[in-house]
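Right, one structure below, let's go through it.
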There are 2 protein chains.
Amino acid sequence: MNVVTTVDPRNGRRRETGLLETDDERLEAVVARAARSAAWLDELGRPGRARLLDAIATSLEADRADLIAVAESETGLSRARLDMELTRTASQFRMFGDVVRDGGYLEAAIDHAAQTAIGPAPDVRRMLVPSGPVAVFGASNFPFAFSVPGGDTASALAAGCPVIVKAHPSHPLTSRASAIAIATAVRGAGGPDDVVALVYGQQAGLALVRHRLVRAAALTGSIGAARAIQNAIDERDDPIPFYAELSSTNPIVILPAAAATDDLADGLFASFTGSGGQLCTKPGLAFVPSGPTGDTLVEALRQRVAAAGEVVLLNERIRDAFTERQAALERAGARPLARSAPADTAGFTVSPTLLEIDLTGLTSDLAEECFGPLMIIVRYADASDLQAAIATVPPSLTGSIHATDRDDRATVRRLATALAARAGRIVFNGYPTGVRVAWAQHHGGPWPSTNSPHTSVGATSIRRFLRPLAWQDAPEWVLPEELRDAYHEIPRRVDGHLQPSRA
Amino acid sequence: MNVVTTVDPRNGRRRETGLLETDDERLEAVVARAARSAAWLDELGRPGRARLLDAIATSLEADRADLIAVAESETGLSRARLDMELTRTASQFRMFGDVVRDGGYLEAAIDHAAQTAIGPAPDVRRMLVPSGPVAVFGASNFPFAFSVPGGDTASALAAGCPVIVKAHPSHPLTSRASAIAIATAVRGAGGPDDVVALVYGQQAGLALVRHRLVRAAALTGSIGAARAIQNAIDERDDPIPFYAELSSTNPIVILPAAAATDDLADGLFASFTGSGGQLCTKPGLAFVPSGPTGDTLVEALRQRVAAAGEVVLLNERIRDAFTERQAALERAGARPLARSAPADTAGFTVSPTLLEIDLTGLTSDLAEECFGPLMIIVRYADASDLQAAIATVPPSLTGSIHATDRDDRATVRRLATALAARAGRIVFNGYPTGVRVAWAQHHGGPWPSTNSPHTSVGATSIRRFLRPLAWQDAPEWVLPEELRDAYHEIPRRVDGHLQPSRA
């Protein structure tokens, strides 16, 4: 059995964690216990599950100091950033509490028996039910918000599904501490062990998605990781849904008049260097007009990058990939405007890097995501060329447009349409980083940003862990209460008409 | 280029259709035209698209006599059945017209800018948008309702997606006549050619799902067909969603007291032999109690089957598979209660077949779908063994329970739970055939009944051909009208609260 180690990216020091990679026997026990806990989640009902989600938020906040300390030592992310991330993570559980209380996510519908064009039709009632145990693969770059206590876990629990998380190898101790905080809340609610379980090791992760009791899988990670997981799923007799959020370039288009906007250099700098540029929504490309206004913007940005300190990346692999990609981009003709040589430290540090190319030099290869604090400025002479340029950029989670009243509306409309075809969220006069966790959020997009038309952030992410079920001519006492005639505490569609909740 | 032929299953006669299999060049032109027509569907808006769906229904009904005649000659299905199917098909278009007018399917949501726990958050608005051109693979067994003018086509058009149908080789002329009826309605609405296009031939079907402009695919068919299509999709750089409805045994459990119900033998007989047993919801297994009441039911059923005439199956392949499966089941120990030897005709006829096994002899292999008029009676001594037996039956689209007030409620509840885990629709005191097309319908289930947690029948099937898109801080003039503050004609979720339509 392999031992699990952890590395402090600030100094490269590796130490043992006292944890072991999960072997087959232990995996079997963990998954079986998690699967059995589905009955408890069901018995809680929606009010009980909402209270559990609130209690998990409170439990995470109670452990805030310890969680942040351990996460800092494993990720090198700043305390301020981790503090904000933990707040966001707790809020996310509370939002799903609201989603569960609201009940609209059940998509409850009733069609009473009726005469139709082809004769009498039976009573049919439909709602969404939990899909069953979910395998979650945590991401390296959000040790809370996209890891053990992240959005996948919160939305799966909200749906009524037990969760087995495969801990990310970059932060095993943070994963463990988070799982303990969740388990404390579960125990407080009278729940069994392993409602949210944790496994360690790559092999355990693959065995998990092959396990007969696991009914869905979710990943925030690389295309390579997604491929390995999909291959393991393809070995099953019964395919299961797999929701993966993968790679994103997040282009930002700055129209001519907008290039003169005051705080644009500050905004761009913060958005591509924040958290070491290790955000899935980091803008990797910015289209800037050629000419003096664009020159001024680029120079202001260059100065900020040149003056920036080094940043610690999450792990050695990410650091190495970053430096290789940086070199490859320069070899491919991107002009370095600001960057430093790799720092002479034992830690995984790099310098923020700003590159520049001309629009004519833009290729899909150049425009692929570079994970880390790197942005490519693409200089354009004519805004009418931007639409075709956007079609060269790989599809992304987001696309942004900066435009003022002096920019051409028809151009903005055309660009919005072009970006809408290749992104899941269109941002106006803002930055794609800082994803709002809300009802209307969508965090997904055409391949390779996600592998399916679903979101991994926001209220509707719960949809991934539910499946529809219909009852035909069922007696009241068999129906879930939400589908009985006299129940009015959730929105339902009755005989085709939407009836809001009377709660 | 291969010519397309058609066979009359009533006499096995093959004739030329004057059609050619679609080659690469023609496919490219067809898909390109279909893709361009997306702009027209978008310009129609929801009211215009609803009118188009109504017009297609009317156009199909105007061609009713011709459509039924050609379908009869290609499928061997009765005129009465085809007449009802055409009515259902037209109603389905009209239902999607209602769905589009209602607008709830857009899942529109608005979160206004707000202060949150981690600071100011932007305005975010979300709704579903058309996914783009859809490839539809028609089924053999519903030449209208699951073929060219079927639910996949209707729901994709409703969503705003152009459709390219790969015609089923068992009814090319019916496919063509249906496409002409649709095209007449499209032309009447001022639309371009190939909003709903048709291609012929297996290679064209595979090239279709590999085509860069095709954004989703839908199939009602066999596991083998699904595998071939999935393999072709896997050759793409960008995976696309594939929705397949495949194989289903549809077990019916008859509890002890219910076995004495009067018209049960008639109901079971009609459900498993109607349309030659070639329905995806045909009950292939019926659990009947041992003892005198069960014996009486089985004998009544046996008499009906023995007295039944031969039925024509859809094509030679289905007839051959049926006779092979029938023989294999008998070799595996199923006792034939009623069946005849293959008829001595040139047509693809078989006799309805009733087999019997004991519960102890039930295996997953025996319980696999047999397409055609065959049902296996499973005799059980103890209702407490039924739960485990259900776990042996492959997951299905449906599971049915017949119970009276004298049957044990706890048993019914346990069985309903067991079936819910392995089916998408639970039917009480009824039959799974005759799927109601309605808002609350769900026609899908765990693998192998469908390959994804989606339905291919009912209002929510439109969800398959939509993808979410979010707008952040967008000016009003960029937003679709459904997401502007002053629009109230569809249900929307605003700042977390569901607001019904004011239309």
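Letters A, B, ... mirror the listed sequences (proteins, then strands); counts begin at 1. What you see is a predicted model; the values in this text were computed from it and never measured.
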If you measure from [atom1] on [X] to [atom2] on [Y], what distance do you get to the nearest 0.5 Å?
X        : Y        : atom1 : atom2 : result
B/Leu128 : A/Thr460 : CG    : OG1   : 8.5 Å
A/Arg126 : B/Trp439 : CZ    : CH2   : 11.5 Å
A/Ile401 : B/Asp473 : CD1   : CG    : 12.5 Å
A/Asp83  : B/Ile118 : CG    : CD1   : 11.0 Å
A/Thr116 : B/Met95  : OG1   : CE    : 12.0 Å
B/Arg463 : A/Arg463 : CZ    : CZ    : 6.0 Å

Answer with side chain, backbone, both or neither: which region of [X] has an atom nearer than 4.5 Å to a non-hydrogen atom of chain B?
X        : answer
A/Thr455 : neither
A/Pro448 : neither
A/Asp238 : both
A/Val478 : side chain
A/Thr417 : neither
A/Ile240 : neither

* Residue part contacting chain A, namely of B/Arg125, when any heavy atom lies under 4.5 Å ->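 Contact with chain A: backbone only.
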* To do: Could you walk me through whether B/Gln472 and A/Thr398 pass side chain to side chain contact (heavy atoms under 4.5 Å, CB included), step by step?
  => CA-CA 10 Å; B/Gln472 180 172 316; A/Thr398 71; over 6 Å; no
